[in-house]
Amino acid sequence: MKKLLMLLLCAALTVAAGCAPKAESGEGETYALYFREAELDGAPGKSALRAETLALPENVAEEDAQQLAEYLLKRLLKGPTDETLQSPFPAGTTLLSLKIIGSRAEVDLSAEYERLSGVALTLADYAVTLTLTQLPRIMSVKITVQGRELAYRDTQIFTAQNVLLAPEGDVLGSVAVRLYYPDSEGQLRFEERELDLYEGDTQASAVVRALEKAPEDKTLLPAFPEGFRIGKVWVEEDVCYVNLPSALLDTMEDTARISVTLRALGSSLCSLDAVEEVRYLVDGEAANRYGFVDISEPYTEP
């Protein structure tokens, strides 16, 4: 499965060096380090990140995931050798620690990293993510700065399958989904859609954005009642987390529709191949209820 995800990722990024997979060479095994294109206008396929291959020296044990991950990340932070690439990291950024816990790499970087924001931060986050998730042991990456999460990020956990990076406004790909809407009797019906994915999108965020709009079938009702908004949505491994702001409960006139809304949202998100279940949070914390709706158990595909 991971090899398939990496191949799909290569197609999405249009990486000029291919996906730079690990391969045999006379100098030893090779790995990919991901850097930013120095000139995006002339980039192959106008992709934002491109891989530079790195031969593994003999003193780095490939079978030692911890040592290999640290070596790759330290080498990544030094910057590219290819003049058509540039480092996405602020000068002076260093690795403070790297721990592999289960299938996740927890990376702690120096204070310089906190200078990044917006698209620049996204590029840096995914340069780290793509570089580390080449290792079969690592499926996701968490990045902190001096032990702290960056509160202004949309997500704190990064996976290779969520990487979609290109010049702003470009459609990078699409995803086939089923969007669920209630009918006049409150029963859910779905519309099959092909959603465009833009720079900075995840598949889950694209689903939420689509549900904020009216259904194409005029006999169906909107999935979200007026005034309903999602705080944040993200996927970790095969679980989609949806953060619901409690402040909405005081402003919504039609609270009776919350149950239908959460079922429509959960069913739509579960139509994604990467999502097995949906877990609802309230103000970022696990909760038993949202208004009068029981959210104590994960929502799974109907």
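FYI, the numbering just counts along the sequence from 1.
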Exercise for review: Taking atom types as modelled, find out whether Y31 and E62 have a side-chain donor-acceptor pair closer than 3.5 angstrom.
Suggested key: yes
Check your understanding: Can you check whether L33 reaches L72 side chain to side chain, under 4.5 Å on heavy atoms?
Key -> yes
Review point. Okay, side chain of Q66, backbone of L98: is any donor-acceptor separation there less than 3.5 Å?
Key: yes
Check your understanding: Looking only at heavy atoms, what is the nearest atom pair of L269 and C240, with distance?
Key -> CD1-SG, 3.8 Å
Review point. After noting the C-alpha distance and the side-chain angles of L244 and F228, does the key distance pass the side chain to side chain contact (heavy atoms under 4.5 Å, CB included) rule?
Key: CA-CA 10 Å; L244 304 169; F228 185 86; 4.1 Å; yes
Review point. Does A32 offer a backbone N or O that forms a donor-acceptor pair with the side chain of Q134 under 3.5 Å?
Key: yes
Review point. What pair of heavy atoms forms the shortest contact from A223 to T261, and how long is it?
Key: O-OG1, 3.0 Å
Exercise for review: Looking only at non-hydrogen atoms, find the nearest pair between V235 and A204 and report the distance.
Suggested key: CG2-CB, 4.1 Å
Practice item. Return yes if a side-chain donor-acceptor contact under 3.5 Å exists between E52 and T81, otherwise no. Key: yes
Exercise for review: Using a strict 4.0 Å threshold on nitrogen-to-oxygen distance, state whether E37 and R50 make a salt bridge.
Suggested key: yes
Practice item. With the side chain counted from C-beta on, respond yes when V208 and L265 share a heavy-atom pair under 4.5 Å apart, and no when they do not. Key: yes
Revision key, fill the gap. Output for pair (I138 CD1, I101 CD1), nearest 0.5 Å, gives 11.5 Å
Check your understanding: Shortest non-hydrogen contact from Y181 to A210?
Key -> OH-O, 3.9 Å
Check your understanding: How far does CG of L188 sit from CG of L221, to the nearest 0.5 angstrom?
Key -> 10.5 Å
Review point. What is the ring orientation for W234 with Y241, classed by angle as parallel under 30°, tilted 30 to 60°, or perpendicular over 60°?
Key: parallel
Check your understanding: Between the main-chain N or O of A61 and the side-chain N or O of Q67, is there a donor-acceptor pair closer than 3.5 Å?
Key -> yes
Check your understanding: How about P245 and D283: do any of their side-chain heavy atoms sit closer than 4.5 Å?
Key -> yes
Revision key, fill the gap. Output for pair (I230 CD1, L211 CG), nearest 0.5 Å, gives 9.0 Å
Check your understanding: When you measure from the side chain of Q156 to the backbone N and O of L150, does any donor-acceptor pair fall under 3.5 Å?
Key -> yes
Review point. Are the side chains of T133 and F158 in touch, meaning some heavy atoms are under 4.5 Å apart?
Key: no
Point to revise | Pair Y113-D108, side-chain donor/acceptor within less than 3.5 Å | key: no
Check your understanding: Can you name the one residue among E112, R115, E114 that meets side-chain contact (heavy atoms from CB on, under 4.5 Å) with T93?
Key -> E112
**Study point:** Intermediate values then yes/no, side chain to side chain contact (heavy atoms under 4.5 Å, CB included), L179 and V207
**Key:** CA-CA 8 Å; L179 298 181; V207 167; 4.1 Å; yes
Check your understanding: K142 and salt bridge (Lys or Arg N to Asp or Glu O under 4.0 Å): which partner among E106, E149, E236?
Key -> E149
**Study point:** Straight-line distance of L262 CG to F224 CZ, nearest 0.5 Å
**Key:** 9.0 Å
Practice item. Return yes if some donor-acceptor pair links the side-chain N/O of Y290 with the main-chain N/O of I258 below 3.5 Å, else return no. Key: no
Review point. Any donor and acceptor pair, going by atom type alone, linking the side chain of D238 with main-chain N or O of V275 inside 3.5 Å?
Key: no
Review point. Do any N or O atoms from the side chain of S271 and from the backbone of V177 form a donor-acceptor pair under 3.5 angstrom?
Key: no
Review point. Just how far is it from atom OH of Y34 to atom CG of L85, taken to the nearest 0.5 Å?
Key: 12.0 Å
Exercise for review: Answer yes or no: does atom CG of D273 have more than 12 heavy-atom neighbours from other residues, nucleotides or ligands under 6.0 Å?
Suggested key: no
Revision key, fill the gap. Heavy-atom nearest pair, A105 first then L132, reads CB-CD1, 4.2 Å
Review point. Do S103 side-chain atoms and R137 backbone N/O form a donor-acceptor pair below 3.5 Å?
Key: no
Review point. Which value, rounded to the nearest 0.5 Å, describes the distance between L54 atom CG and T30 atom OG1?
Key: 8.5 Å
Exercise for review: Would you sort out whether V128 and V141 count as a side chain to side chain contact (heavy atoms under 4.5 Å, CB included), showing the intermediate values?
Suggested key: CA-CA 8 Å; V128 173; V141 177; 4.2 Å; yes
Exercise for review: Apply the test side chain to side chain contact (heavy atoms under 4.5 Å, CB included) to residues L68 and D64: give CA-CA distance (whole Å), side-chain angles for both, the deciding distance (0.1 Å), then the verdict.
Suggested key: CA-CA 6 Å; L68 178 55; D64 186 336; 6.0 Å; no
Exercise for review: Inspect the surroundings of CD in E194 and state if more than 12 heavy atoms from other residues, nucleotides or ligands are less than 6.0 Å away.
Suggested key: yes
Review point. Honestly curious: do L96 and L77 fall in one hydrophobic cluster under the side-chain, below-4.5 Å linking rule?
Key: no
Exercise for review: Of all the heavy-atom pairs spanning T300 and C270, show the shortest one and how long it is.
Suggested key: C-SG, 3.9 Å
Check your understanding: Strictly by modelled atom types, are Y299 and S267 linked by a side-chain donor-acceptor pair under 3.5 Å?
Key -> yes
Review point. Under the 3.5 angstrom rule, does the side chain of S259 hit a backbone N or O of V293 as a donor-acceptor pair?
Key: no
**Study point:** Check: R189 and P215 side chains under 4.5 Å, non-hydrogen atoms
**Key:** no
Point to revise | S110 side chain vs T94 backbone, donor-acceptor pair below 3.5 Å | key: yes
